[in-house]
Every structure is written in C-alpha cells, then in structure tokens.
Protein chains: 2
Amino acid sequence: MPAIAHLECSRCHARLDVAVPQTVCTECAGAFYVRYDLSSAKGTAARDKIGAASPGHPSPGMWRYSSVLPDIDPVTLGEGWTPMLPSRRYANVFLKEEGVNPTGTFKARGLSLAMTMIRHYGITKVAVPSAGNAGGAAAAYAAAAGVEAHIFMPKDVPLANQVECTVYGAKMTLVDGLISDCARIVNERKQAEGWFDLSTLKEPYRIEGKKTMGYELVEQLGWTYPDAVFYPTGGGVGLIGMWKAFEEMEQLGWIRPGKNGLRRPKMIAVQSAGCAPVVSAWDQHQPVSQMWQDAETFAAGLRVPKPYGDYIILDILRQSGGTAVALSGEAIFASLRDWAANEGIFLSPEGAAATAAYDHLLSSGFLQPSDRVVLFNTGSGSKYTDVVARTLGLTDPDRPNPDAPQ
Amino acid sequence: MPAIAHLECSRCHARLDVAVPQTVCTECAGAFYVRYDLSSAKGTAARDKIGAASPGHPSPGMWRYSSVLPDIDPVTLGEGWTPMLPSRRYANVFLKEEGVNPTGTFKARGLSLAMTMIRHYGITKVAVPSAGNAGGAAAAYAAAAGVEAHIFMPKDVPLANQVECTVYGAKMTLVDGLISDCARIVNERKQAEGWFDLSTLKEPYRIEGKKTMGYELVEQLGWTYPDAVFYPTGGGVGLIGMWKAFEEMEQLGWIRPGKNGLRRPKMIAVQSAGCAPVVSAWDQHQPVSQMWQDAETFAAGLRVPKPYGDYIILDILRQSGGTAVALSGEAIFASLRDWAANEGIFLSPEGAAATAAYDHLLSSGFLQPSDRVVLFNTGSGSKYTDVVARTLGLTDPDRPNPDAPQ
C-alpha cells in the first residue's frame, strides 16, 4: 500500500498534510482529494498482482486494490468486488450490483475507508447526517471499529435504516426535515459534543472507498472503459471517486486512453424529478447547484437538495461529454418493476432511476443500442421493503391471494 | 463442466438417468444426489484453474466451480463466492457471510442451480412451498429464467419475502399454516395445475447449488478443513450439500484428509427451541425426526417441522462427530444484538442461532477456543426488518430520540 503524500483541494489546489485529521480546505472549504506516490503501483505488472487474499483476510473485496489505497490497517466487513451482471435483454448493458455489499448498499465502500482513517487517528466519536443508507453503513463500520456513532436522518427514512442503526448500537436521531437539516444540526453541535463530522465530502476518505467502483468496473470489463456510466446522484461521491480512479489508472498505465480509440466513459448523473439540483444546474449551464426547495422522492438516497461536491460533479459531466437526467417517480417505479419481473433483480429506487435513465437516453438518441454502458444499482431493493410494500398495496389486508383455496 | 452421469438415491442407492426431469426416488422416495464423471477435474492442477471470469460473465460467483457443476448454461444473478470474515473477537472464528447473495440469502445458490435445470428441461411453471427466503429466491430466478412461479408461504413470513415475490412477478399465496401446510397444498394441486414441484430435496439440483458453500469454505481457508461448521438447519440442504462437496473434493484430490491429521469438520446443526425436530431426534438417537408440533420461532427459516432430508442430516452429524443444538429465542436475539454492536454485522435470526450455538458449545466444553470454526450467517438481517423492528420496539411512536433537540 502507498503512503499518503498529501491532501489536495479539489477547488483551489491547496495542499495539506495528513499528520492530523482534516476536514475541508482551510482556504476555500473545497473537498479534498487524497494524493499518493503511486510509483510502486506503476505498470501492468503491478496491475496483474492485485486481488490477493491472505490467510488472515480471505475475502479482500475492494481491498484487492490496496496498492492504490492508504497504507492503514482496514476496517473491513467484506465490502466491494461486487458482481457485474450482463443484462438479459440489452446486449451492451451491464448492471453493477452494489446491493450485495455489507449493509446492502454502495455506502459500505466509503464508510469502510472513512472508518479506517477514524480509527487510525484515534477518534472516538463521529456524527453523520444521512439520507438513510450512509447512516446505516456508518453505524455498522463504527461498531466494527469500536467508535461511537451519532446518526441524524430524516424521520421518514426507510424502516431498514432505523433498524440497522439501532442494532449496530448507534445513537440515532430522526429529524423532521431533510439531510440538509441533519447537517445543520451536526454542524451546530459537533464542537460541544466532541463529534468528528463525517458528512459527505467534509472528510477526505469516502472518495477513496468509492473510487474502487471505478477500478472494479474497468477490471471487470477486461481493463477497458465502457461508453457510458449511469450513476444515481445524491451526494455524488461515487461519480467523483470513479473519475479519480480513471485518472489514477491512466497515470499508472493500467489503462491506455487513445489506444484503439479508447476514451473515458460519458458520465451520466441520474436524479429524481422531485429533487434534481444537479440536473437543473446542468440544464442552465451553471457551475454549481442551487438548494432544491421541497425535495420529495421515494428514492430516499436522491433526496439531497444541494450536494456539497456539485461543482466537481458538474465539471466531470462536462469533461466526459456526459449529461444529467431527472426521472419521475412513476418512471422510476415502472423501471424497478420491469427489472424485477424481467431480469430477476430487485433494484433500489435509486438504481431504478439509472435503469429508467438508460431507457430515456436511448429514446432521445443521446446513446445508441451499440454503446456499451454500466448502470449502477447502488442498493438492494429489500432495504426499501416498507416503501415498496406501501406502493404495491401489500399492507392492505384485503389484497387478493391468487392461489388461495376458495 | 462435467456431464451428469446419473442420479443416485441417498437412501437405497437406486440410479436414474437425467434425460427427463426427476423428483425423488421412484423406489423409496429418497432424495437424489447428482453424480458425475469428474475425471477431467481431478488433481490440484485442475483445482488451480477454477474461478476464471469470461468476457460474457465477468462475475462467475459460485460458478467458478463449473468443473464440478452440471454442463448447462447457468441462470445466474451473481450468487456465491461470499466473504469469509474473521471475527474481531474470537481468534479462530470465521463468519461465512451469505447475506450478501442476490435476494439477501444463501437460498440464491440452490435456486440458481434448480432454475438452471428447469430452463434446461423446458419446464414453464414451478411451485415452491417456502418458509420465506426460498420463495423470494425462487421468484427472482424464475423471473430471470422466464418461468412462471407459484410461491406458497406462511402468512406471517417477513414482509420482505412478500414484497420480493410480488415485484419479481410470482404468484404468491399466503397460507394460514406452516411450510408443511404449504407443501401439502402444492402436492394436492400440482398435477391439475401443471406445476413442477420445487420443494426442498424433492428436486435433485438445489443440493448442487448449496454444495458450493463447502467448496468455498475450504478454498477460502487455504484448501484446508476447519474443525467445526455451524449450520442453521431448517431443511438442511446446505449441510447435506457441503458434506457432498467434501466427499467430492477428496475424490478429486483437491484436499487430502489424513495428511497432517486433516479430517472433515464436525458438522453442527443449529435449530430454535421453538422448532427443533433434528435436535430432538439427535438427542434420542433416532435415525429420523418426528413432525414438530406447534412450531413457533422468529427465526422464520428454522420453522420447518420435519425436514425431508432428516435421515441424511442425522447421518452426517454422526459421521462427522458433530452434534445438534437448539437455542431459545432470547439467546438468538441476544446474539444478534451482540454481533451487530460488536462486530458490525447484522445477522439474520438463523445466523444468530449459529453464533449463539458457538457460545453454547464453547461453554459446554464440546469445543475449545483453539478450534477453528466457520459459522454460517445464512441471510441478511435487513430482510427481517419488520420482525426486528417489532422486537426492538421501533414501531412505537413514543420511543426516545436520544440526540433530538429538547
């Protein structure tokens, strides 16, 4: 594993060292990128050495990429190295199935890395404002690391998030508001309480965990890029992390753009019509988003009214030749049912936004059926059991029982 | 992949061929084992070739063992090759984390294989009596295979099972009774309805899927056996499948018992005190179990009043020098909370029965702390969200909100 060289601000490029825990840039409040000296990982020979299990860690998961991750003893629950599933109906579509991570979502990757660093620094209390799944993952990794976690979530998050936070032993507070209100409460109280603030992009390491999705998709496609990546975008850390991964892999010589016309994928940020700050900014050619008013969507993970890293996300969409798309709740739910009934995969509502967006961009002509694409299912549908049950009317005691004896 | 040589009855050793679909032994109604000519897979060189991904299937999962599985195009959703997690507290304990399979449980392995064969035979309608999670997995793989599935479950199964069956498009019937009542209904109606009966051990292929757990645990431990395997036992197919895997691996020379004192693990069948037919038969030295009356346990998957393969399970416990243990609901729930709060893993109630059983057999002196053991967590705790929420009192609107502003 490489030693961390320094942190670099994503906005003003200021550098900070990592002898002590850092949050955001002290100059401009930008989010940090972790930079390493990656010379020991350089070349395809190094690429071919990744992935080794060891007797003490038989299941390395995303830590197969330890040659490009901090040289710290990991807090791991087996996250990452998730399946890349070919669609049964679309010849050039792959679903990256993040629902089989620990805690059932892609959030496990970021929180594994973040909690690795929290333990490394000897921090004993963290606070996390969350739309739901990050809270659950933070609670799990905090339990694994022996750290006290204070989780703040909207009071109407799926029941699964409330249950997991409770069983993992976190202090859970349900807030009458959105993730932005949760963030405000954490910000107001953290100093007095002695909490380290684990808010999305206000600590530098969740990006490092999420970037492994970029390494994985390239390795699983045979060390090549797809034409497009569809990413359900709440906070957008995964999209930022994958772009960083592509940059690192090119520097390392693990993938060679330009060769045979190879180029980075178009990055597609997918949101819900009920909360679409990135899409709105994209459509208006703005460099940052505006706080979305009255955010409302059953895709709980997309209910982020203003992502902290909006300026990075919008820049990546531009650089990649991608776009941003918002789908109605009806279109998202129709795609969820379509993929369950016809592919055998129970997507999270956020994942179903990505599959619906693919249909949309195929109809609009932005993509062709011959384009090879990766759609991210960021979580398991079963974590939304109560939400989906209500939508399906399954909580109605008078619903029909088709094969029941008459 | 090897061609199937024949089916062999587990009780009377009668042989049947596989030109047409088979159910149970026509002589004695025993469950079948699938037998192959495994000569092409023989030797450690063949062992070292397992696991290759291909461009069309980047995520082989349990199909990494295709050299010991039927030579049929698989119906796969990325099941298997799940993490083997070292415990943070017990030096010689590993948790085999089956909760990260598609549909959130180990049932995915068996149903992937069963549905592979259903599609191969051109069967278009199946019926499945289930305690819950097998029904959900059957619905998913039926959707993937384009097969019509009729699922019969007790009406009080976890909500997640009802939701998943519905979204996957299965015909779901909730029965006022247990899995044994569901099985009776399927049996009465299957001929008139044209359903193929996918009941546990009444079709020969779920064992083949479940046996991959045995291959995986041996490979993940560095091609060696642990001292004991704890297996939550409802129908017990996984325990039967793992024992078959050990037998095959020894025949193949992939593992050499006797060398350095290596021997097969003690197999420990774990049940709930509210439904413990195997434990009762074991304690009374009986070769088969009796139908358990008034079965009742919140570990839904253990609510199987008389497993069809009881005679095989009991024989394996004896051969292996293992045992059978029943835990109270209180002990199971306490272990669930313990592993969540201290290991960061939200076990299914069935998995928590295994962890509780480990504590029990350590106290009793049946096992020593120096024994290396594998505990199976057969499913994700989040599939039991509604059950755990009720037990925790999380559905009470007046519950405390610890960090809420006063």
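Convention: sequence-line order gives letters A, B, ...; per-chain numbering from 1. Everything quoted here is computed from the prediction, not taken from an experiment.
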Between [options], which has the largest tally of heavy atom pairs under 4.5 Å with chain B?
options	answer
Gly136(A), Ala389(A), Ala341(A), Gly78(A)	Ala341(A)
Gly169(A), Ala340(A), Gly99(A)	Ala340(A)
Ser380(A), Ala143(A), Ala145(A)	Ala143(A)

Proximal component of Phe94(A), with respect to chain B [non-hydrogen, under 4.5 Å]: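 For Phe94(A), the contact with chain B is made by the side chain alone.
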Interface moiety of Thr76(A) toward chain B, non-hydrogen atoms closer than 4.5 Å: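 The backbone, not the side chain.
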Using a 4.5 angstrom heavy-atom cutoff, name the option from [options] with the most pairs to chain A.
options	answer
Glu79(B), Gln220(B), Met84(B), Arg337(B)	Met84(B)
Gly61(B), Pro86(B), Gly104(B)	Pro86(B)
Gly146(B), Gly381(B), Ala160(B), Pro158(B)	Ala160(B)
Leu336(B), Leu159(B), Leu221(B), Val388(B)	Leu159(B)

Least distance between heavy atoms, Gly132(A) atom then Ser130(A) atom: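 Where Gly132(A) meets Ser130(A) most closely, the heavy atoms are N-OG, 2.7 Å.
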Asn342(A) side-chain N/O to Asp338(A) backbone N/O, donor-acceptor pair under 3.5 Å: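 Checking the backbone N and O of Asp338(A) against the side chain of Asn342(A), a donor-acceptor pair under 3.5 Å is found.
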Thr385(B) (side chain) donor-acceptor with Ser382(B) (main chain) under 3.5 angstrom: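 At least one qualifying donor-acceptor pair exists.
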Does any backbone or side-chain atom of [X] lie under 4.5 Å from a heavy atom of chain A? Answer side chain, backbone, both or neither.
X	result
Leu392(B)	side chain
Arg88(B)	side chain
Glu97(B)	neither
Tyr141(B)	neither
Asn101(B)	backbone

Other residues, nucleotides, ligands: >12 heavy atoms within 6.0 Å of Asp48(B) CG: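 More than 12 within 6.0 Å, yes.
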Check: Met153(B) and Cys165(B) side chains under 4.5 Å, non-hydrogen atoms: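 Yes - at least one pair of side-chain heavy atoms lies under 4.5 Å apart.
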Note, Val373(A) side chain near Tyr90(A) side chain (heavy atom, < 4.5 Å):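 Heavy-atom side-chain distance check fails, nothing below 4.5 Å.
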Under-4.0 Å salt bridge between Glu98(B) and Arg109(B):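 Result for this pair is yes, salt bridge flagged.
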Ser348(A) versus Asn377(A), side-chain donor and acceptor atoms under 3.5 Å: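 Ser348(A) and Asn377(A) do have a side-chain donor-acceptor pair below 3.5 Å.
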Pair Trp339(B)-Ser87(B), side chain to side chain contact (heavy atoms under 4.5 Å, CB included): steps then yes or no: CA-CA 9 Å; Trp339(B) 275 70; Ser87(B) 163; 4.2 Å; yes
